[in-house]
Amino acid sequence: MFSLTHDVLQSERALENAFHHLRPGGQIAGFGAKWASGWRVPVNLYVWLVARRYVTTFAGFGQPWDRLSRFVPKLHVEELALGGAYVAWGRFPPA
């Protein structure tokens, strides 16, 4: 549902609207870029070079799924691409 939509994931109002239309027990998934942790400076440089053209803010880029997890408390998150990307999934409301 949320693929490379960092700005949407940072908007509480947009998420409330999206979840208003989701059926109980519906599945949710998201994918996008994120800051890699620690020593992965080259990964973060690459992420910044690519993402800067597509996002209006890097606020929340360390854990872009944070607001999403408020709606899906049992949200599963897996880092990809040396920590420069993630995929998240779960059910709303959780079973």
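What you see is a predicted model; the values in this text were computed from it and never measured.
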Hey, any chance [X] and [Y] share a hydrophobic cluster, counting ILVMFWY side chains that come within less than 4.5 Å of each other, even indirectly?
X   : Y   : result
V41 : L49 : no
Y86 : V72 : yes
Y54 : F58 : no

Exercise. How would you list all residue pairs meeting side chain to side chain donor-acceptor pair (under 3.5 Å) that involve residues 20-47, not counting sequence neighbours?
Worked result: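 Side chain to side chain donor-acceptor pair (under 3.5 Å) check on residues 20-47 returns N17-H21, K34-E79.
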Closest contact, heavy atoms only, [X] versus [Y]:
X   : Y   : result
G25 : P93 : N-CD, 3.4 Å
G84 : A36 : N-CB, 4.1 Å
V77 : A88 : CG2-CB, 4.0 Å
A33 : V47 : CB-CG1, 4.1 Å

Exercise. Can you tell me if CZ on R52 sees more than 12 non-hydrogen neighbours from other groups inside 6.0 Å?
Worked result: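 Yes - once you tally the heavy atoms of other residues, nucleotides and ligands closer than 6.0 Å, there are more than 12.
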Problem set entry | Nonpolar side-chain network containing F31, other nodes, edges under 4.5 Å |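 Taking Ile, Leu, Val, Met, Phe, Trp and Tyr as members, F31 shares its hydrophobic cluster with L4, L80, V87, W89.
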Problem set entry | Exam field: side chain R67 to backbone Q10, donor-acceptor pair closer than 3.5 Å |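 The answer is yes, because a donor-acceptor pair under 3.5 Å joins these two groups.
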Problem set entry | Check: T5 side chain, V8 main-chain N or O, donor-acceptor pair, under 3.5 Å |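 Pair absent, no side-chain N/O of T5 close to backbone of V8.
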First locate atom [atom1] of [X], then atom [atom2] of [Y], and finally report the distance between them rounded to the nearest 0.5 Å.
X   : Y   : atom1 : atom2 : result
F71 : L22 : CZ    : CG    : 11.0 Å
L75 : W65 : CG    : CH2   : 9.0 Å
L9  : Q63 : CG    : CD    : 12.5 Å
L15 : F2  : CG    : CZ    : 5.0 Å

Exercise. Relative to the ring of H6, is the ring of F61 parallel (under 30°), tilted (30 to 60°) or perpendicular (over 60°)?
Worked result: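 It falls in the perpendicular class, over 60°.
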For this session: Check whether any side-chain heavy atom of L45 sits under 4.5 Å from a side-chain heavy atom of P42, and report yes or no.
Result: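 No, their side chains stay 4.5 Å or more apart.
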Problem set entry | Sub-4.5 Å side-chain heavy-atom contact between F92 and L68 |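 Contact flag for F92/L68 side chains = no.
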